[in-house]
Amino acid sequence: EALQLLPEPSKKPGPSSTASPSQQALNEMRRGLSIVSCLGGARVSKITHGFTEPRIYTKPLRELTPETSRGFECIAFAESVLRINLLPWQRWLLVSLLELKPDGTLRFRKGLVIIARQQGKTLMAAVLAAFFLYVDSVRWPELVQPRDFVVVGAAQKLDIAMKPWTQVRRWGGPDDPRIGISHDRV
């Protein structure tokens with residue numbers, strides 16, 4: 001672990017003091033930092049993970065805020081409803097991936113995430129599927145009725161494709177063979 005002492009926040013108007021709280025949080029997520037307040041007002045930065053922001057990605061059209069990205073809503077859903085602690089890169093991905101166009105629709109229809117094994121990609125797929133099914137499916141009832149809303153997942157093997165859906169089913173309710181939900185069915 002590496003610790004760095006950070007200077008006190010500047011009281012003078014400048015780029016860091018004029019940034020919105022959501023932008024400040026995004027900047028901290030990009031650097032992979034968690035800020036810890038200490039006695040005496042000193043701020044300590046603890047590097048808890050590697051780089052949050054990828055080397056290559058599509059830049060946002062405008063500043064990403066709760067009004068310009070559904071990612072903040074998805075993060076709140078994951079933490080409060082699903083009770084999941086997301087890693088900084090996962091938070092950054094959700095905010096960036098769920099960016100909105102000016103008309104309120106999602107900017108991206110597809111996302112390509114390349115990351116090493118065992119880093120939480122399946123969990124991200126499950127969180128996104130749960131968010132789309134439980135939250136986003138009721139957003140546009142005039143276009144698609146919630147009961148007709150479909151989220152499609154695919155993988156090279158059936159058992160790999162079933163992993164996120166099994167987790168979504170667990171979040172949605174317990175096994176109940178009387179209504180056709182059992183441990184061996186998604």
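Just so it is clear, the model here is predicted, and its values are computed rather than measured.
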Return yes if some donor-acceptor pair links the side-chain N/O of [X] with the main-chain N/O of [Y] below 3.5 Å, else return no.
X	Y	value
Gln90	Leu87	yes
Thr105	Leu100	no
Lys121	Ile115	yes

Item to check | Partner residues of Ala161 under the side-chain contact (heavy atoms from CB on, under 4.5 Å) criterion, sequence neighbours left out | outcome: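 Counting only residues at least two positions away or on another chain, Ala161 forms a side-chain contact (heavy atoms from CB on, under 4.5 Å) with Ala155.
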
Checklist entry - Who passes side-chain contact (heavy atoms from CB on, under 4.5 Å) against Ala125, sequence neighbours left out? => result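 With sequence neighbours excluded, Ala125 shows a side-chain contact (heavy atoms from CB on, under 4.5 Å) to Pro164, given in chain and number order.
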
Minimum heavy-atom separation for [X] and [Y], please, with both atom names.
X	Y	result
Val95	Ser69	O-OG, 2.6 Å
Leu94	Cys74	CD2-SG, 3.8 Å
Pro88	Thr52	O-CG2, 3.2 Å
Phe72	Thr65	CE1-C, 3.3 Å
Phe108	Ser96	CE1-O, 3.5 Å
Gly71	Leu98	N-CB, 3.5 Å

Checklist entry - Does the side chain to side chain contact (heavy atoms under 4.5 Å, CB included) test come out yes or no for Trp89 and Glu53, once each step is laid out? => result CA-CA 7 Å; Trp89 77 264; Glu53 193 174 279; over 6 Å; no

Are any non-hydrogen side-chain atoms of [X] and [Y] less than 4.5 angstrom apart?
X	Y	value
Ile84	Trp171	yes
Ile114	Leu112	yes
Arg70	Arg139	yes
Leu128	Leu97	yes
Arg107	Leu61	yes

Checklist entry - Under 4.5 Å between side-chain heavy atoms, hopping through other hydrophobics if needed: is there a path connecting Leu86 to Val113? => result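 Yes; Val113 is reachable from Leu86 via cluster members.
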
Next on the checklist: Quick check: is Val135 connected to Val81 through a chain of hydrophobic side chains (ILVMFWY, heavy atoms under 4.5 Å apart)?
Outcome noted: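 As far as the 4.5 Å side-chain criterion goes, Val135 and Val81 are connected within one cluster.
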
Taking atom [atom1] of [X] and atom [atom2] of [Y], what is their separation to the nearest 0.5 Å?
X	Y	atom1	atom2	value
Lys157	Lys163	NZ	NZ	10.0 Å
Asp159	Gln156	CG	CD	8.5 Å
Thr122	Ile160	OG1	CD1	8.5 Å

Next on the checklist: Between Met124 and Leu93, does the side chain to side chain contact (heavy atoms under 4.5 Å, CB included) criterion hold? Intermediate values first, please.
Outcome noted: CA-CA 9 Å; Met124 285 303 303; Leu93 178 67; 4.1 Å; yes

Checklist entry - CG of Asn85: more than 12 outside heavy atoms within 6.0 angstrom? => result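 Not more than 12 within 6.0 Å, no.
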
Checklist entry - Between Tyr57 and Lys59, is there a cation-pi geometry (under 6.0 Å to ring centre, at most 45° from the normal)? => result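 So Lys59 does make the cation-pi contact.
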
Item to check | side chain to side chain contact (heavy atoms under 4.5 Å, CB included) between Leu106 and Lys101, worked out | outcome: CA-CA 6 Å; Leu106 292 174; Lys101 294 190 281 189; over 6 Å; no

Item to check | Ion pair check, Arg62 and Glu67, cut-off under 4.0 Å | outcome: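 Judged by the 4.0 Å cut-off on N to carboxylate O distance, Arg62 and Glu67 do not form a salt bridge.
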
Item to check | side chain to side chain contact (heavy atoms under 4.5 Å, CB included) assessment of Trp165 paired with Val151 | outcome: CA-CA 10 Å; Trp165 297 107; Val151 177; 3.4 Å; yes

